[in-house]
Amino acid sequence: PGPHVQSGVSERLFRGKFLLLRAGSPQSFVHSDQKRRFFILMFFYHSVNVLPPYRLRRLMGSISAVVRKNTWEKQLFPLHPSFRGSIIRMLSCWPDKANPLCGCESRSTEVTDMVKAIVGANWGDEGKGKITDMLAEQSDVVIRFQGGANAGHTIINDYGRFALHILPSGTFYPHVTNIIGNGVALDIQKLVDELGSITSQGVPAPNLIVSERAQILMPYHRLQDSYEEERLGGKAFGSTKSGIAPFYSDKYAKIGIQVCDLFHEDRLRERLTAAVSLKNVLFEHLYHKPSLDVDELYQQLMELREQIRPYVGDAVTFVHDALRAGKTVLLEGQLGSMKDPDLGIFPLTTSSHTLAGFGCVGAAVPPTAVEDVICVTKAYSSSVGSNTEPFVSEVLGEAGDELRRRGGDKGEFGATTGRPRRVGWFDTVATKYGCMVQGATQVALTCLDVLGYLDEIPVCTGYEIDGTVTDRFPTT
């Protein structure tokens, strides 16, 4: 990396992923702590302007010859404070007697991941809110990246019990910046109501950024959701009627309205008029319902604009600046793997992507920054939705009622709808598949204490399909 580094040391690029260091004469180089520290410092000095912090952290994760934190401040070469701060935040280091440059086993290295994703392995309701709340305390930024107010995360803390539907779960920590990302179906009225609800219970107003690129869930989305469920009758999907499916349909049909449109009135009216003209054809001729009024909807949006104006910002730039500064980012997923429209139990799914991979789109974080995917699963199964959904390990009758009554923190009932959840035994087939498609690096098992009333805990280990038992999760 530079003329100051001893000639026996070379730098190598390994398939574009890691920079590996090798010593030409390891016996003379590595056994000198001073030379080793000098080398690492000089390498960082030349790399820090080229590589973002998460790449530097990943690089140091592959080099186990590390030194104490105070080396950055007191030894040999004084790095610029901003660089030094980023590096120290990335790594917590101890001396290591092993000699990794000579092929010895590495040890004593603690690495803090820059971006963690917390997602569900199953049908949702796994306890993600509790895990997010726990990890948010150690994070700088918490981002909701998909879904809307159609599901809730229950959190119990010193302020009380809360079911958050649209706010990120870092809301209760004053040091956390909470972001509603561009992938979220933003119901502005529900956001405003939720902010008012938590502050009325003594919670300080959260640090919140609403992405200017997020799209708005409109009143006609909720109407269309209700009308469609009514039209489907016995074949309904069991929607929460929160407008999620019509919202994402409009988003991908490119007739949605972004938050930034609220601040450009001519553009807003033009887009609103175009969307309403299509909706009125649908409402009048398919659903036989009253038509929508553009002026009325426009006025509603103008009122809501003023209520969220203080929170709207450039979340994309903020997130990338936070990563460059070495901040820790937490992605908070909604629902679980089974509800993903591509890899879940289609068509009985939600309409947003529930996988950690979508965080790179819905939260605008680079794929290379996501290094930890925590999959949350319960010690038993539960699901809210239509009774026609595949739910193999379901428990019915008195046994099901007992499990439902004991489950969760106040029974297994939907945080948004209050509907009783379907419950069943732990499903290893679905959970293994769910963790696989999420790319889980860790698994959090919740609600094990709920099963304490049982002498024996049943577990589903396979599905019988056409007389053959399989442990692979099938298509729906």
K.L.:
Sub-3.5 Å donor-acceptor pair from the side chain of Gln438 to the main-chain atoms of Val373, do we have one?
P.N.:
no
K.L.:
Are Leu135 and Ile131 packed together at the side-chain level, in the sense that at least one heavy-atom pair is separated by less than 4.5 angstrom?
P.N.:
yes
K.L.:
Kindly compute the distance separating CG (Leu282) from CG (Leu223), expressed to the nearest 0.5 Å.
P.N.:
11.5 Å
K.L.:
When the ring planes of His221 and Phe247 are compared, do they come out parallel, tilted or perpendicular, using 30° and 60° as the limits?
P.N.:
perpendicular
K.L.:
Indicate the ring-plane relationship of Tyr252 and Tyr248, choosing parallel, tilted or perpendicular according to the 30° and 60° boundaries.
P.N.:
parallel
K.L.:
Does the side chain of Asn122 pick up a donor-acceptor pair with the side chain of Thr431 at under 3.5 Å?
P.N.:
yes
K.L.:
Go through it in stages, so that I can follow the logic: the residues are Gln334 and Asn150, the test is side chain to side chain donor-acceptor pair (under 3.5 Å), and I'd like the CA-CA distance, side-chain angles, deciding distance and then a yes or no.
P.N.:
CA-CA 9 Å; Gln334 181 208 53; Asn150 55 317; 2.8 Å; yes
K.L.:
Check whether more than 12 heavy atoms from other residues, nucleotides or ligands sit under 6.0 Å from atom CG of Asp158, and answer yes or no.
P.N.:
no
K.L.:
More than 12 heavy atoms of other residues, nucleotides or ligands under 6.0 Å from CZ of Arg213: is that the case?
P.N.:
no
K.L.:
Of the non-hydrogen atoms in Thr354 and Val119, which two are nearest, and what is the gap between them?
P.N.:
O-CG1, 4.2 Å
K.L.:
Would you give the length of the straight line joining atom CE of Met114 to atom CG of Asp140, rounded to the nearest 0.5 angstrom?
P.N.:
9.0 Å
K.L.:
Can you say whether the rings of Phe473 and Tyr433 are parallel (under 30°), tilted (30 to 60°) or perpendicular (over 60°)?
P.N.:
parallel
K.L.:
What are the two closest heavy atoms between Ala121 and Glu126, and how far apart are they?
P.N.:
N-OE2, 3.5 Å
K.L.:
Do Val329 and Leu323 make a side-chain contact, defined as non-hydrogen atoms from C-beta onward lying under 4.5 Å apart?
P.N.:
yes
K.L.:
Crowded around Phe346 CZ? As in, over 12 foreign heavy atoms under 6.0 Å?
P.N.:
no
K.L.:
Would you check, one step at a time, whether the test salt bridge (charged side-chain N to carboxylate O under 4.0 Å, His left out) holds for Arg406 with Glu402?
P.N.:
CA-CA 6 Å; Arg406 291 177 176 270; Glu402 178 76 358; 2.6 Å; yes
K.L.:
Checking Glu456 now: which residues fulfil salt bridge (Lys or Arg N to Asp or Glu O under 4.0 Å) with it, not counting sequence neighbours?
P.N.:
none
K.L.:
Can you see whether Glu230 engages Tyr287 through a side-chain donor-acceptor pair at a distance of less than 3.5 angstrom?
P.N.:
no
K.L.:
Closest approach of Cys460 and Ser393, non-hydrogen atoms and distance?
P.N.:
CB-CB, 4.0 Å
K.L.:
Is Asn207 reaching over with its side chain to a backbone N or O of Thr177, donor-acceptor style, under 3.5 angstrom?
P.N.:
no
K.L.:
Please check if atom CD in Glu306 has more than 12 non-hydrogen atoms from other residues, nucleotides or ligands closer than 6.0 Å.
P.N.:
yes
K.L.:
Compute whether any side-chain donor of one residue and acceptor of the other, for Gln189 and Asp193, lie under 3.5 angstrom apart.
P.N.:
yes
K.L.:
Within a strict 4.5 Å, meaning less than it, do heavy atoms of the Leu186 and Ile188 side chains meet?
P.N.:
yes
K.L.:
Under the side chain to side chain donor-acceptor pair (under 3.5 Å) criterion, do Glu332 and Ser169 qualify, and how do the steps go?
P.N.:
CA-CA 8 Å; Glu332 179 179 8; Ser169 294; 2.5 Å; yes
K.L.:
Between Arg144 and Gln146 (side chain of the first, backbone of the second, donor and acceptor by atom type, cut-off under 3.5 Å), is there such a pair?
P.N.:
yes
K.L.:
Checking the side chain of Ser226 only, and the main-chain atoms of Arg222 only, is there a donor and an acceptor separated by less than 3.5 Å?
P.N.:
yes
K.L.:
Is the Phe391 ring parallel, tilted or perpendicular to the Trp123 ring (thresholds 30°, 60°)?
P.N.:
perpendicular
K.L.:
Not counting sequence neighbours, which residues clear side chain to side chain contact (heavy atoms under 4.5 Å, CB included) with Glu212? List them please.
P.N.:
Cys260, Val312, Asp314
K.L.:
Report the C-alpha distance between Asp340 and Thr349 in whole Å, list the side-chain angles of each, state the deciding distance to 0.1 Å, and finish with yes or no for side chain to side chain donor-acceptor pair (under 3.5 Å).
P.N.:
CA-CA 6 Å; Asp340 185 80; Thr349 63; over 6 Å; no
K.L.:
Determine, step by step, whether Leu272 and Leu297 satisfy the side-chain contact (heavy atoms from CB on, under 4.5 Å) criterion, reporting the C-alpha distance in whole Å, the side-chain angles of both residues, the deciding distance to 0.1 Å, and the verdict.
P.N.:
CA-CA 8 Å; Leu272 184 60; Leu297 288 168; 4.0 Å; yes
K.L.:
Between Thr441 and Asp372, is there a side-chain donor-acceptor contact under 3.5 Å, judged purely by atom types and distance?
P.N.:
yes
K.L.:
Taking atom CE of Met218 and atom CG of Leu304, what is their separation to the nearest 0.5 Å?
P.N.:
9.0 Å
K.L.:
For the pair His353 (side chain) and Gly362 (backbone), establish whether a donor and an acceptor sit closer than 3.5 Å, ignoring hydrogens and angles.
P.N.:
no
K.L.:
Show, in sequence, the C-alpha distance, side-chain angles and deciding distance for Tyr298 and Leu268, and conclude whether the side-chain contact (heavy atoms from CB on, under 4.5 Å) test is met.
P.N.:
CA-CA 8 Å; Tyr298 180 83; Leu268 173 62; 3.8 Å; yes
K.L.:
Considering non-hydrogen atoms only, spot the tightest contact between Pro341 and Ser352 and give its length.
P.N.:
CD-O, 3.2 Å
K.L.:
If every non-hydrogen atom of Gly359 is compared with every non-hydrogen atom of Leu331, which pair is closest and at what distance?
P.N.:
CA-CD1, 4.0 Å
K.L.:
Using side-chain contact (heavy atoms from CB on, under 4.5 Å), reason through Val259 and Ile216 one step at a time and then give a plain yes or no.
P.N.:
CA-CA 6 Å; Val259 169; Ile216 302 168; 4.1 Å; yes
K.L.:
Within the side chain of Asn178, is there an N or O that forms a donor-acceptor pair under 3.5 Å with the backbone of Thr171?
P.N.:
yes
K.L.:
Tell me if a side-chain donor or acceptor on Thr470 pairs with a main-chain N or O of Arg472 at a distance below 3.5 Å.
P.N.:
yes
K.L.:
Please check this pair: side chain of His175 against backbone of Tyr173, looking for a donor-acceptor N/O pair closer than 3.5 Å.
P.N.:
no
K.L.:
Begin from the C-alpha positions of Glu412 and Tyr380 and carry the test side chain to side chain donor-acceptor pair (under 3.5 Å) through to its verdict.
P.N.:
CA-CA 11 Å; Glu412 288 293 348; Tyr380 56 95; 2.4 Å; yes
K.L.:
Using a 3.5 Å distance criterion without hydrogens, assess whether the side chain of Gln215 forms a donor-acceptor pair with backbone atoms of Asn182.
P.N.:
no
K.L.:
Checking Tyr220 against Asp250: is there a side-chain donor and acceptor pair closer than 3.5 Å?
P.N.:
no
K.L.:
Please determine whether salt bridge (charged side-chain N to carboxylate O under 4.0 Å, His left out) holds for the pair Asp133 and Lys130, giving the CA-CA distance in whole Å, both sets of side-chain angles, and the decisive distance to 0.1 Å.
P.N.:
CA-CA 5 Å; Asp133 180 52; Lys130 298 176 181 64; over 6 Å; no
K.L.:
Please answer whether the main-chain N or O of Gly120 pairs with a side-chain N or O of Ser337 as donor and acceptor at a distance below 3.5 Å.
P.N.:
yes
K.L.:
If you compare all heavy atoms of Ser211 against all heavy atoms of Gly181, which two are closest, and at what distance to 0.1 Å?
P.N.:
CB-C, 4.0 Å
